[in-house]
Amino acid sequence: MNKILRPLDAASIAAFLAPRSIAVIGAAPAEQRSIRGLLLLMLRRAGFTGPIAPINPSHREVNGLACYPAIAAVEFPIDLAIIALPAELVCDVVEQCAAAGVRWAIVISSGFAEESAAKAERQLRLSDIARRTGIRICGPNCEGFYNVRGRIAATFSSAAEPLHRGPAHDAAAGRVAIVAQSGGLGFSLLSRGRAAGLEIGHVVTTGNECDLTAVDFIAHFAGDSGCAAIVAYLEEVRDFERFAVAADKARAVGKPVIVIKIGRSDAGRRAAIAHTASDTGVAADFDAMFAAAGVIAVTDPDDAVAAALGCLTNPVAAGRRVGIVTTAGGAGTVLSECLTEAGFNVPLLDQKLQARLRPTFPSYGSAANPVDVTAQGIFTGGVLQSLELLLDGEEVDSVVLALSLSNERSISLDVEALSALRARRSKPVLIYSYTLLSSFAREALSAAGFAVFERARDVVVAMRALSTIRHDHARAFDRGAIAS
C-alpha cells in the first residue's frame, strides 16, 4: 500500500520502543473489557513508570488517572500516542498529535486498506500525514508492541501479561525479537515461545504498514546487541533490498533470522489481502531471496519457536549426519523416518563403534543407529555412555536423545552429568520426549540450557535450522576465501 518508505536509524527505533510518556487516545475504564480499556490496563500492569495521559472527552478520570479531552490539553510532553478510535476519526487525531509535538503514533484502529479500495484512501492520507509532519506511525490495524525488558506493553493483547515467577531459567538465554505484520500471530509467538523456554525481549506488530514497516524493525534488531535471534511473520516484504541487507547484518554476527512467510497458496494470498491489504508476492522469489540471505524459512508459529530454540541452545552442526540415542525402539524408528525424509542421514555406525557401545546396555538393545539402550539404559548408565561415544566420535555431526519425560516429580536422567558432557563437546544435542513433556522436566532441562521437544516434527525443524546456519557459514567462508 505505502510504497514511499522512510527508513529509520537504530536510535530512532530504540526511542520508539522506549517512550518516556504515553497518551492512550480513546481510553476507557478497564472494567468495560474493551480494547480501549485493555490498552490502559496492559500498559499499567506491565509496569510502565512514565506519565500516562488517557484521552477521552467522555471521562474526567479513568481508573484513577486524570483524563484529558484532547491531546492538545495534556500539560506534559507526549512521546507516543496509542490511538484506538473509529477509523474515520483517526487521520484528524494524528494531525492533532503531530501539531502537539508527539513523535510516534500506534494506530490500533481497523477500517483502512484491508477493508476496501475506498477506505484505502484513508490509509494514503495517514501516509501523507507521516511524510508531511514527521510523526512516525505504526499501523493501522495492528496490536502495538511489547518491550518486555523495558516493561512497556503498548498493546491490548492479553499475552503481554507479565509473568509472575521467580528468576527466569530459560533454555535460550539470548533474547528473541518478534516482528509480525499480524498482531495475533505476533503475540501468539510470544506465548508459544515463552512456554518453550525462549526469553522474548520484544514483540512488534506492524499491521497495514502505512509508514513504519516490519523491515524497519528487523533492521533495528539485526544491530541490537541485546537481541540474539529475530523471528518474523511476514505477509509482504515491501523493500527486498533493505530486508536482505538487514538479514546479512544479522548473519554476520551469528544472529538467526527466522521467517514465517505467507503466500504459498491461493487461500493464503486471499487471506493476506483481507487481513492487512498485503500483496504476498511469488513464493519462489521469496524462497530464492531467503536462501541467498541465509534466512531460515518456516511454515507456522510452532516451527518458528522450534527453530529459534534449536539455534539458541546449540553450536552449529558440521553436517547432516544424525546419531540417535533412545530408550524406546519405536521412538528411534519415528525419528529415523522423519529425519531421513527431511534430507538428513542416520548412518549405520561402524562395527568398531558398535562394539564399544554394546556393553553399555542389555543385549536386546541395538548399537546400529538408532542406538536403542532400552529402558534399562537409563539405570545402567547406557544413555550417558552412548552419548559420550557418539559425541566423541567422527561418525555423526549431531545427536538426538529420545526418552520419556512425563514424570511431574523427577527425571530419570542425571541432568548435571548430561550438562557436563555437552559442555566438553561441540556438537548439537537435542532432546525429544516421546511422551507428553511434564512441566517439571521442561523447567529442569531448560534451566540446564537444553532444547527439549515433544514433537518429532519440532526436532526436524530445529535440525533443519541448524543445517541452514551451517550452509550459510560455509558460503560466508567461501566468499572470504575468494576475496582474500
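Predicted model only: the values in this text are computed from it and were never measured.
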Query raised in the report: Quick one: side chain to side chain donor-acceptor pair (under 3.5 Å) partners of S21, sequence neighbours excluded?
Result: none

**Report entry** For T374, all residues meeting side chain to side chain donor-acceptor pair (under 3.5 Å), sequence neighbours excluded
**Finding:** none

Query raised in the report: So, for F16 and F145, is the gap between ring centers shorter than 6.0 Å?
Result: yes

Requested in this report: Kindly say whether P29 contributes a backbone atom to a donor-acceptor pair with the side chain of N63 at under 3.5 angstrom?
Outcome: no

**Report entry** Pairs involving residues 353-362, ordered by first then second residue, that meet side-chain hydrogen bond (donor to acceptor under 3.5 Å, both in side chains) (sequence neighbours left out)
**Finding:** Q354-R358, T360-S386

Query - Sequence-distant partners of T340, side chain to side chain donor-acceptor pair (under 3.5 Å), two or more places apart - result: none

**Report entry** R192, K261, R457, R464 screened by salt bridge (charged side-chain N to carboxylate O under 4.0 Å, His left out) with D303, the one that passes
**Finding:** R457

**Report entry** Distance-only side-chain donor-acceptor flag, Q181 / E209, under 3.5 Å
**Finding:** yes

Requested in this report: Examine F187 together with F156 and report whether their ring centres are nearer than 6.0 Å.
Outcome: no

Query - Distance-only side-chain donor-acceptor flag, S110 / N141, under 3.5 Å - result: yes

Query raised in the report: Does a side-chain N-to-carboxylate-O contact under 4.0 Å join R45 and E161?
Result: yes

Query raised in the report: What side-chain hydrogen bond (donor to acceptor under 3.5 Å, both in side chains) pairs are there with at least one residue in residues 324-336, not counting sequence neighbours?
Result: T327-Y434

Query - Worked check of side-chain contact (heavy atoms from CB on, under 4.5 Å) between I200 and R175 - result: CA-CA 5 Å; I200 311 298; R175 286 183 170 84; over 6 Å; no

Report task. Would you list the pairs meeting salt bridge (charged side-chain N to carboxylate O under 4.0 Å, His left out) in which at least one residue belongs to residues 411-425, sequence neighbours left out? Result -> E388-R424, E388-R425, D392-R425

